[in-house]
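Data block below; observations after.
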Amino acid sequence: MTTKKHYWNEYQKEIADDKYFYERSCIRQTFFPGSETAFLRILKEELGKDILDVENQHTCTGIGFYSDIVPLETTMTIVARLFSLMTEAGYENYVPSCVTSFGVFSEIVDLWEHQPDMLEKARKILFETTGRTFELPKNIAHPSDIIYKFREELKEKMRYRLVNRFTGRPLKVVEHIGCHYAKIFPDKGVGKAEFPHVLAGMIESWGGEVVDYPERRHCCGFGFRQYVVRANRGYSVANSKKKFESMQPYEPDFIVTNCPGCTMFMDKWQYTIAEMEHKTYDKKGYGIPVLTYEEMAGLLLGYDPWELGLQLHQVQSERLLDKLGIHYDPNEKYKSVSGRILPNPEKPQYLRV
Amino acid sequence: MKEREKPVHGDDNPKPREVKRRLKSTKRISRRKRLEFEEVELPLQVAIIGGGVAGMEAASVLTEHRCPVILFEARPELGVNVKNKYKIFPDFSDAGRLVETMTKAMDHPLITVNKDTEIVEIIREPDAYTLLDNKGVPHTVPAVLLASGYEPFDAKRKEELGFGIYEGVINSLQLEDMLREHKVLNSLGEDPRRIVFLQCVGSRDEKVGNHYCSKICCITAVKQAIEVKRQLPDTEVYVFYMDLRLWGQGYEELYREAQEQYSVRFVRGRISEAASTFDGRVQIKSEDTLLGQPLKMVTDLLVLMIGMEASPGTQKLGKTCGLEGPYGFVRSKSPHLEDNLSDKPGFFLAGTCKRPMHIAEAVNDGRAAALEIIKYLRK
């Protein structure tokens, strides 16, 4: 169906200009560490921003908190300690790398605004246990908000566009923003919750076309209680499957995600579904590549795909790189940082690589 | 509302003493039945803010009692909210004709109609009110009737339903236009295979801040469903509702007729989201709460039954005059015996500026307000 108008960009949130305090993500560091490195590189080298990436960080408790395993007081204290690192470093703009962390921080700050006694309690516990104090951040922005804010500046520096070089047409991109980005507080997400514009804005600015498919707003499959509880994992796969089947007729060139869980599950479950049902979601059996927004930006800026860590994804990206016209060296794909050639991973039976 | 103790008047504005004198003169004239309209001396005007059905009916009744009226309508036309409809429940009579009849009655020597004229300020004088319009012209009158009405809910605020984004998602007023033209078509210009109506869009909805029932949507959907089936007998029609409030005379019968004669299917459930499908239709998700099952359905048209909200004029003037009631509507003195009065003498209320009403109710309310005004002026 043709869309009449994109209201997605009508709502804009406040995003700080500079001087960011960066908090890393547990999942992202583990599964696609190239994304965080790329984000820091984009901010420092391309945009000339001041962003601080300190040691001494720890979990935000997000997955445990939203699975009802970690109690509120613990999460409040953890959040308080992370804020104390920011305060100690002299920063005021907090940038949590993960969508779930973004949800945790937004929710705890909102709780403290509404219940100042809880804020006092958190201050007291933190001080008694660590001797630390903290100030609340002036601005909390997700890294994708910052990339979105500076998308036009970045476009100027990009070597590639989201255009299929064989056909000259815009690439068709599925975007998925993740529940904790705007579903908890719609006004904390660019474009709010139903038609979010944070990733769509990047795609449109950089030459691509956003695929609006029926299950666009459906869960990616990384519902914590679906995935964490082993017996429920069938629900997790079923959710992802529902999305893939819904997007398949549009023949998307790739999926771009906001949240580490979405990136992981929409990527890895394609392998699982292929093994379970011998089914893949592109015509040639390769699956639909899933990128983070930093990987998408990094590729267009001309960063090396293997430095970005695309080889760590389940669905491989060479066919997408060919469409974008990006040069890559297949021999460098499994080369370690020290220059050693690592053994090639085993190939799946049904999902082509 | 500003209050003015020592009024300053321009040449065009009568002083309070003059207002009283004219008032007496009008009383005298009104008793003299044989007097022709053109013989009425300097008219003592009642200002009506709002040219909807309530305002127009009030104007008609006031002139029947020889009371001159100055009517202000912010829009270029009178009776727009009713004119936007094709046929009206429960008798499927023509809305356009109704407005035409009422508008014709405004062509009267004792009625001055000012279209495109918004009242921006109301100043309370001793024994009178001065209304300032958007052209900066003051109008001093002994009595004011606020009939500034409602406006249809903007369904874009229910962003999950995709109104204004997907062509297959329309509101109930757009369907009225399609029915009038006999062109109920899907976004591809074809006869729709299925049409889904969704009740309570913008009413009884905490998310948009409207807890109240707009009270006309249930029966409007029943009426529209029947009209669709009359024009397109092969189209499947579903109505999704929370609970059906068919309170008026003939409404329940119409509901039964929709089911028995026209096979309209009623599903108890809200629609949680609408999305586009690959073949240009609309996918909806809901729950059938009677079956206790989630439900996914593809439809050609999703019709959002939009509720009534206080019009911007109602909200603004309600605030200015200190008569602001719940949800931006204006508050009457009391809901039973003084519903056309405000707590300000000489300042009257009629129609949907107070709350949602159907057409006949608004007309009756305008008539009742006019009688209250006459009673006040004769005192």
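If you're wondering where the values come from, they're calculated on a predicted model, not measured in any experiment.
Heavy-atom contacts from other residues, nucleotides or ligands closer than 6.0 Å to OH of A/Y271 number 12 or fewer. Enclosure of atom CZ in B/R230 by more than 12 non-hydrogen atoms of other residues, nucleotides or ligands within 6.0 angstrom is indicated. Atom CD of B/E206 has 12 or fewer heavy atoms from other residues, nucleotides or ligands within 6.0 Å. More than 12 heavy atoms of other residues, nucleotides or ligands sit less than 6.0 Å from atom OH of B/Y262.
Here CZ of B/F278 is found 10.5 Å from CD of A/Q248. Values are rounded to the nearest 0.5 Å. Here the straight-line distance linking atom CZ of A/R216 with atom CD of B/Q283 works out to 11.5 Å at 0.5 Å rounding.
Residues B/S276 and A/P214 come closest through the heavy atom pair O-CG, 3.1 Å. In terms of heavy atoms, A/D212 sits closest to B/Y166 at OD2-OH, 2.6 Å.
Between the side chain of A/R217 and the main chain of B/E160, a donor-acceptor pair closer than 3.5 Å is present.
With respect to the salt-bridge test (charged N to carboxylate O, under 4.0 angstrom), the residues B/K285 and A/E215 qualify.
For B/E324, the side-chain contact (heavy atoms from CB on, under 4.5 Å) criterion is met by B/K319, not counting sequence neighbours.
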